[in-house]
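Here the structure is laid out as structure tokens; the discussion comes afterwards.
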Protein chains: 2
Amino acid sequence: MRGDDSCRLAWPFDVYEAQCPTRMVLDRIADKWAVLILDRLREGPVRFNHLRRDIKGISQKVLSQTLKKLERDGLLSRAVFPTVPVTVEYALTPLGRTLTDAVAAIAHWAEHNMDAVLAAQAAYDARAGGEAGL
Amino acid sequence: MRGDDSCRLAWPFDVYEAQCPTRMVLDRIADKWAVLILDRLREGPVRFNHLRRDIKGISQKVLSQTLKKLERDGLLSRAVFPTVPVTVEYALTPLGRTLTDAVAAIAHWAEHNMDAVLAAQAAYDARAGGEAGL
DNA sequence: CCGCATCCTATGGGATACTG
DNA sequence: CAGTATCCCATAGGATGCGG
């Protein structure tokens with residue numbers, strides 16, 4: 001049997017293993033803000049404050065943190081242009097591009113199935129609330 | 001212009017709007033544990049403790065919470081069999097099935113691109129560490 | 001077997017203010 | 001413009017024990 005270190009440097013990586021590095025990656029990309037950022041970059045490079053404006057509700061701190069982590073993971077690149085004031089553009093890397101379809105699917109699913117989810121929630125709550133009367 | 005309540009009950013839902021209900025859904029499905037659970041249910045119904053064993057590292061509390069939320073959102077169903085002791089099976093609903101491909105893509109991406117991510121991280125850290133010497 | 005309740009700590013993430 | 005630093009609180013989530 002594979003012990004605690006199972007999956008480390010060995011194929012195939014198994015995301016169901018607690019200590020597998022894939023868990024860290026999953027934690028990064030299965031994240032609301034990361035999904036929105038990656039999806040927003042699909043059409044091309046975007047500047048920091050532009051992302052900040054487009055992804056409504058994200059704080060500058062979280063945007064900054066998330067961008068840095070995604071850059072470290074090789075999913076996106078950061079380009080600095082020595083203009084005055086400085087301009088910084090974020091763009092998907094080739095590796096990042098291999099993820100965007102899946103990520104976009106998640107984001108779009110939410111938009112397309114919102115009605116069904118809302119209905120399910122209402123039904124669930126009605127059932128749960130009604131049970132008190134039994 | 002659409003005010004604060006933009007997107008509520010109106011099409012198209014826009015996941016980039018801060019107050020949009022799609023954000024709640026995105027928060028739910030763009031979650032490490034939810035992804036693993038939904039992916040694990042692809043092949044058929046699974047019992048509670050079976051999920052707990054398969055998804056290594058998940059606590060019973062988090063599993064329970066996540067299952068309940070996913071059930072409320074209509075993504076999966078809960079079936080109780082009056083055996084002794086009781087048996088409970090969780091399964092994807094038709095709505096949940098429309099999500100699993102996207103979710104599986106995310107989970108599998110992590111497994112397939114782990115090497116590239118690891119390499120990117122090493123390169124990034126080497127660069128960051130080296131800068132101290134400039 | 002399937003959970004819920006409680007306790008407790010670590011972390012996520014918002015607000016605000018300051019730097020190159 | 002593009003961040004970094006600090007404060008600070010809400011929540012995620014692990015551990016443990018009990019109940020149906």
Side-chain angles (χ1 to χ4, degrees), chain A residues 4 17-19 23-24 26-37 40-41 45-72 76-91 124 127-128 131-132 134, chain B residues 4 17-19 23-24 26-37 40-41 45-72 76-91 124 127-128 131-132 134:
Chain A
D4 309 329
E17 289 294 328
Q19 313 302 334
R23 278 287 178 87
M24 295 173 46
L26 187 58
D27 220 3
R28 179 120 319 130
I29 62 181
D31 168 70
K32 178 176 58 176
W33 299 124
V35 165
L36 290 173
I37 290 172
R40 183 63 189 78
L41 292 178
V46 183
R47 287 181 300 105
F48 185 87
N49 276 342
H50 203 139
L51 279 172
R52 187 153 138 63
R53 274 192 305 273
D54 287 354
I55 303 175
K56 287 159 192 158
I58 195 171
S59 71
Q60 138 278 40
K61 174 185 172 182
V62 169
L63 176 57
S64 184
Q65 284 178 346
T66 309
L67 286 172
K68 207 183 298 184
K69 288 177 181 174
L70 291 174
E71 185 195 357
R72 188 173 107 96
L76 53 81
S77 61
R78 179 176 180 274
V80 182
F81 301 93
T83 54
V84 182
V86 66
T87 298
V88 180
E89 273 188 358
Y90 290 91
Y124 182 96
R127 247 178 296 143
E131 279 171 13
L134 293 180
Chain B
D4 310 327
E17 289 293 328
Q19 312 303 334
R23 277 287 179 85
M24 295 173 46
L26 187 58
D27 220 4
R28 179 119 322 130
I29 61 182
D31 169 71
K32 178 176 58 178
W33 300 124
V35 164
L36 290 173
I37 291 172
R40 184 62 191 77
L41 291 178
V46 184
R47 285 181 302 103
F48 185 88
N49 276 342
H50 201 141
L51 280 171
R52 188 151 137 64
R53 275 193 304 273
D54 288 353
I55 303 174
K56 286 158 191 158
I58 194 170
S59 70
Q60 161 277 351
K61 175 187 173 182
V62 169
L63 177 56
S64 184
Q65 284 177 346
T66 308
L67 286 171
K68 206 185 298 185
K69 288 176 181 175
L70 291 174
E71 185 196 357
R72 188 174 106 96
L76 54 80
S77 61
R78 180 177 180 272
V80 182
F81 301 93
T83 53
V84 180
V86 67
T87 298
V88 180
E89 271 188 0
Y90 290 90
Y124 181 96
R127 246 178 298 145
E131 278 172 15
L134 294 180

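The analysis underlying the following values was restricted to heavy atoms, covering all of them including side chains, and did not include hydrogens, waters or symmetry mates. A note on names: the letters A, B, ... follow the listed sequences, proteins ahead of strands, and every chain is numbered from 1.
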When you compare the protein's N or O atoms with those of nucleotides 16-19 of chain C, which come within less than 3.5 Å of each other, and at what distance?
from   : atom 1 : to      : atom 2 : distance (Å)
C/dA17 : N6     : A/Gln60 : NE2    : 3.3

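The interatomic distance linking A/Leu51 (CG) with D/dA2 (P) rounds to 9 Å, in whole Å. Taking atom CD of residue A/Gln65 and atom P of nucleotide D/dA2, one finds them 18 Å apart after rounding to whole Å. Following rounding to the nearest Å, A/Asp27 (CG) and C/dA10 (P) show an atom-to-atom distance of 18 Å. In this structure, B/Leu63 atom CG and C/dG3 atom P are separated by 8 Å, rounded to whole Å. The interatomic distance linking B/Asn49 (CG) with C/dC2 (P) rounds to 4 Å, in whole Å. Per the geometry, CZ belonging to A/Arg28 stands 9 Å off P belonging to C/dG12, to the nearest Å. For B/Leu67 and D/dG13, the CG to P distance is 14 Å, given to the nearest whole Å. Distance, B/Met24 CE to D/dT11 P: 13 Å, rounded to whole Å.
Residues from residues 77-89 of chain B with heavy atoms under 4.0 angstrom of DNA chain C, sorted by number: B/Arg78, B/Pro85, B/Val86, B/Val88. In the region residues 52-59 of chain A, proximity to DNA chain D at under 4.0 angstrom, judged on heavy atoms, holds for none of the residues.
In terms of position on DNA chain D, the residue among B/Lys69 and A/Lys68 whose nearest nucleotide sits closer to the 5' end is A/Lys68.
Closest of all the heavy-atom pairs between B/Ala18 and B/Arg23 is CA-NH1, 3.6 Å. Across every non-hydrogen atom of B/Phe81 and B/Val86, the tightest pair is O-CG2, 3.5 Å. Summarising the geometry of B/Phe48 relative to B/Gln60, their closest heavy-atom pair is CZ-O, 4.0 Å, with the distance given to 0.1 Å.
Put simply, CZ on B/Arg28 and NZ on A/Lys32 are 10.5 Å apart, with the number rounded to the nearest 0.5 Å. The distance from the CG atom of B/Asn49 to the OG1 atom of B/Thr87 is 10.5 Å, given to the nearest 0.5 Å. Here the straight-line distance linking atom CE of A/Met24 with atom CD1 of A/Ile29 works out to 12.0 Å at 0.5 Å rounding. A distance of 9.0 Å separates CG of A/Leu36 from CG of A/Asp31, quoted to the nearest 0.5 Å. Atom CZ of B/Arg52 sits about 12.5 Å away from atom CD1 of B/Ile37, to the nearest 0.5 Å.
Put simply, B/Arg47 has no side-chain N or O that comes within less than 4.0 Å of OP1 or OP2 on C/dC1. Considering only side-chain N and O atoms, A/Tyr90 lies nowhere under 4.0 angstrom from the phosphate OP1 or OP2 of D/dC1.
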Using a 3.5 Å cut-off and no angle test, enumerate the donor-acceptor pairs between side-chain atoms of residues 62-70 of chain A and protein atoms at least two apart in sequence or in another chain.
from    : atom 1 : to      : atom 2 : distance (Å)
A/Thr66 : OG1    : A/Val62 : O      : 2.7

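Contact of the B/Leu41 side chain with the B/Leu51 side chain is registered, since non-hydrogen atoms from C-beta on lie closer than 4.5 Å. No side-chain heavy atom of A/Arg78 sits less than 4.5 Å from a side-chain heavy atom of A/Leu76.
For B/Arg53, there are no side-chain hydrogen bond (donor to acceptor under 3.5 Å, both in side chains) partners, not counting sequence neighbours.
Comparing the start and finish of the helix from C/dC1-D/dG20 to C/dG20-D/dC1, five pairs each, the helix axis swings through 50°, to the nearest 10 degrees.
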